[in-house]
Structure formats: C-alpha cells, structure tokens
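To start, the structure itself, in structure tokens.
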There are 2 protein chains.
Amino acid sequence: MSSVPLHISISEKLRQQIEAGDYQPGEKLPSEHQLMETFDVSRITVRRAVANLVSQGLAKSQQGKGVFVTPQKKVAYSLASPLMFLEQDLARKGIQFTFENLTFRKIRTPKKVQAMLQLPIKSTVYFQKKLLNMDGAVGAIDESYILSDLGKKFGAQLKQQMTFPTLEAHGIAIEQIDAVIECTHADYKMSGYLEVPLGQPLIMYRYTTYGSDQQPILYGETISRADRFCYSLSLQK
Amino acid sequence: MSSVPLHISISEKLRQQIEAGDYQPGEKLPSEHQLMETFDVSRITVRRAVANLVSQGLAKSQQGKGVFVTPQKKVAYSLASPLMFLEQDLARKGIQFTFENLTFRKIRTPKKVQAMLQLPIKSTVYFQKKLLNMDGAVGAIDESYILSDLGKKFGAQLKQQMTFPTLEAHGIAIEQIDAVIECTHADYKMSGYLEVPLGQPLIMYRYTTYGSDQQPILYGETISRADRFCYSLSLQK
DNA sequence: TCAAGTCACTTGTTATAACAAGTAAAAGTT
DNA sequence: AACTTTTACTTGTTATAACAAGTGACTTGA
C-alpha cells in the first residue's frame, strides 16, 4: 500500500541510520548478504538501495571490501581573490595542497576560447591541464588557456607554480575576473580522473581573467569534486 | 579484453551519438527492447546503460513512454545583485517566473540559524518555504529564516512578493550578503519537489544578508536544479 | 621465518524471468 | 460522434542464478 519501491524504503532507512550516527563516517555498512537477510529481499534490491546511497554521496563501495559511509568535509574556496591565493587559503586551513602538471602545450584556439579571449580564428594559445591534490587525495582538475606569448614566456614556471602568483610575480596585473559557477555530472573520463562514481556531481568554476585595459589574459575551468569543494563569496552594496 | 563493462561501453556509445546530434534534444531513444537487439545484451545491461545516461543528466526516462534526450538550457543567475533582482533578471532573458508560497510560519530558531543570525537560543524567527517556477517548470526551492519582527510586520507581502524588493520597499537596506555556493545531491524528498531522479546534482546557494550596522537580517538557502541554474559573478581588484 | 597458495567473503557484471504500471492508439460500444 | 474497453508497447520493480574479480586471513610449503 505504500507504493514506495522497496529499494527506496531500504535506502531511506539506511540514510536515516547514517544521519543518526548509527553508522559513523568511514564505518562499514552491513554486507549485501546481511542486508538481504535483514530486509528479506533479493540481492538486486539490496544493490539498488546501496546504489541510491552512493548516488546521494552518502556511501562509497569498494569491491572486495564493502560499502563505507563517506566522511563529509568540504573546503570552502574563497572568491574574494580566486585561484590567486588558493594555495595560501588552503594552507591556512591546514590542508596540504599540491598539483601535478598533466599537459602544457600550444594548440589552435578552440572555438569557445576564441570568444572568451577575443582572439581571431587563426590564433594559438597555450593549453594547460593540472591535477589538484588536497591532503594527498585528488580534488580537482584545472584546464586553462593562456595567451600565446605569456605561455611561451613563462611556460617553465607555469608548469611548477600556480598560475596567478606566477603572472603577478612578472608584473602581469589581474584587474578583473568574470566567473560562472555551475554543476555538472562526472562522465566516464572525469569519473576516472577524480575517482568518483559515474554521474557524481562536479562543480565547475569557469573564469575569464582580464588584465589592464580589460584585455583578456586567460580562460580556464576548474572542475572539482562537489563533495570536497564549495565556493564562498561576499557581496557589498 | 577491454575490461570496460558492457553497460559502460553501451552508454558511452549512446553518449557519443547524443553529443554528435544523432539523437536530438527531446528525441526518443530506442526502446530497451530495441537496444537489447542492437547490442545483443540482456535487458538488465541495457537498463544499466540507460541509467548511466540518466545519472549524467543526458537523458530522462518516462514510464510507459520511453527515454528522451534532455534538452540543456541553463539560466545564469547573476550575483551582482543576488536574489534581489532575480525576477527582473529572468524577465530580461524572456523567462516566465513565478513562485508559490509553501510555508510561512513562526518557529523556534534552529541551531544553525542561531549562529548565522547571531540570535540567542530562546528566540524565534519566521520560516518561509517557496517553490520557484521558471517557464512553468519547477526550478528551485527557497528556504529562508527572517528576523521575527520583520516577518511579523511584512508577512502578508512576503507571501506574495519576492523578499528583497519587499524589504527595500519598506526602507530596509541590504548592505552585504555573505554566500556559499555548493553542490548537493537530491535526496528522496528533494527529488520529489524538484522532479529529478534521486541523486541528481542540486546547486545550493546559502546566503546571509546584513543590513545597516552589519546586523544580520535573514538567512536562506536556495536549492536549484543544477541542470537549469548556474551562478555568474564578476570580481574586481 | 617467510613466501606462496588456498579459501572465504566481499562487491561487480550479466543473464533470464515474471509481473506491475503508465501510455497511447486501435477497436468496440453506446 | 463520443465514450469505453481492449491491446500492444513502454519503463519500473523484484527474484533467482551464475560467474568474475578484489581483499584479507589462514594454511601450506620451502
């Protein structure tokens, strides 16, 4: 008479228990076999219920080991001075931060970047792809496109240091940043990079940076695990 | 030899076809039966592949009808003047905007709101819950907590008009807004309200509003469908 | 003692099967 | 013509079954 599917009522029951603290963060949930007996349902139903929890970010399953309650701790990423002081900002919060340069090369300007950087069709930019680590765990991927001459001049340093401090150290002033924050889903490729299940929410920070004279300098996208990152900002009248 | 599960390779194949435009937005995908024959797999595998697409926000299934490619159109929500001019902002983009007042009542201040509004333990606030509609479709839920005396005084209007214009019309100046943008998952309750599958990403805008003398006036959370909303902002040096 | 192998237990993938329930068009009835 | 019923097709839920694959502890052999 409930009309609520079994897998939902089971996952809701488990969710309540997780939120009530019956299962602590990091703790192992009962195995599928145990849950089958507890709720007197088949394995497919138990698996569906567990999948519901995983898709809600409440649990994570590991083949051969079990299903574990995911501990939640989000890092707020302050937009008062975005990306520029990310490293310091995280250090202040006691978070170990490193990044790994995956790609740095010159490419033909992609169409969407042409518009953002106000570049002609037959231009080139430097494309950089970085993997950001927090406390040893993967947190985000950053893909950015920087003006060709800047990329050529500072390439060596950009591969090893954060972008904004590097630019400012060479007298390239950042005057304005236009940004869009949106949510996407992890596709198969991203789920591999960021070590999350397919379809998990990711938070994308798309930024266009302008120097003096409103000249666009770089466009980038920081795609973060939504369970580990959030953005904070303060707006005044 | 590929080591990639069948359901993944099928959903990836379909994803490519969708992104290539083989299936247009709103168009119906082949039925499960057809996909079973096309890929020569069982129904459970086809269903898993379709579930992958749904969890990535690429498709939506409707019982009795079929699976349809979801058309993507996001509304950027400008943070230059947040919430205040949402209505006008949307109107300018040609989007019909309405809201429905679900709840408006006085409650004991919840613990998390006490901290945000700097209120004592034994205080009360007015709690309002609104359902925001865009072009006739549900887009977001807004839950806000407003100082008791303001709620009492302007209750009648707050039920029918947007919050910020109402306050400003009565001379309550908004001086500052502290906000956090984060991503969450739709739990069972939210998935019902916002008409999305369980676990779909939602984008939460949590705001604390301050009037003159840095006095907190209201705290609220706007929970939007991440497939329909994003936030844009501009930061100057 | 240490390394290799075995075994029990875990989740992951996939197949077959049956019924429920929503949708829409065709067929039948008034 | 208008309404109702049937029917075919769709996705949703759930059960049973088998094997694959990762993990860790225990056992065995050198």
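In the text below, chain A, chain B and the rest are named by the order of the sequence lines, each starting its count at 1. What you see is a predicted model; the values in this text were computed from it and never measured.
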Winner on side-chain proximity to B:P5, out of D:dA20, D:dT11, C:dT13, is C:dT13
### Message
For A:G192, is there any backbone N or O sitting under 3.5 Å from a side-chain donor or acceptor partner on A:E195?
### Response
no
Contact under 4.0 Å: A:T45 side-chain N or O vs D:dA15 OP1/OP2: yes
From CD1 of B:I44 across to C1' of D:dA17 the rounded distance in Å is 11 Å
Whole-Å distance, A:K28 NZ to D:dT23 C1', equals 11 Å
Between CD of A:E32 and P of C:dG12 the distance, given in whole Å, is 6 Å
Practice item. Kindly indicate, with the supporting measurements, whether the criterion side chain to side chain contact (heavy atoms under 4.5 Å, CB included) is fulfilled by B:Y126 and B:F104. Key: CA-CA 7 Å; B:Y126 273 84; B:F104 189 88; 3.4 Å; yes
Atom NE2 of B:H33 and atom P of C:dA17 are separated, to the nearest Å, by 13 Å
In whole angstroms, the gap separating P of D:dA21 from CG of B:L6 amounts to 13 Å
Short side-chain N/O contact to C:dT10 OP1/OP2 from A:S31, under 4.0 Å:
yes
Whichever of B:V67 and A:V46 has the more 5' nearest nucleotide on DNA chain D, that residue is B:V67
Between CZ of B:R43 and P of D:dT11 the distance, given in whole Å, is 8 Å
*Side-chain donor/acceptor of B:R48 to base of C:dG12, under 3.5 Å*: no
For B:N52, does its backbone N or O pair with a side-chain atom of B:Q56 as donor and acceptor, under 3.5 Å? yes
Between CZ of B:R47 and P of C:dT13 the distance, given in whole Å, is 16 Å
| So, B:F229 versus B:Y231, ring centres under 6.0 angstrom or not? | no
Between CG of B:N52 and P of C:dG12 the distance, given in whole Å, is 13 Å
Out of C:dT10, D:dT13, C:dA15, minimum distance to the side chain of B:V41 belongs to C:dA15
Below 30° counts as parallel, above 60° as perpendicular, anything between as tilted: where do the rings of A:Y207 and A:Y205 land? parallel
Heavy-atom nearest nucleotide on DNA chain C taken for B:H7 and for A:K65; more 5' hit belongs to A:K65
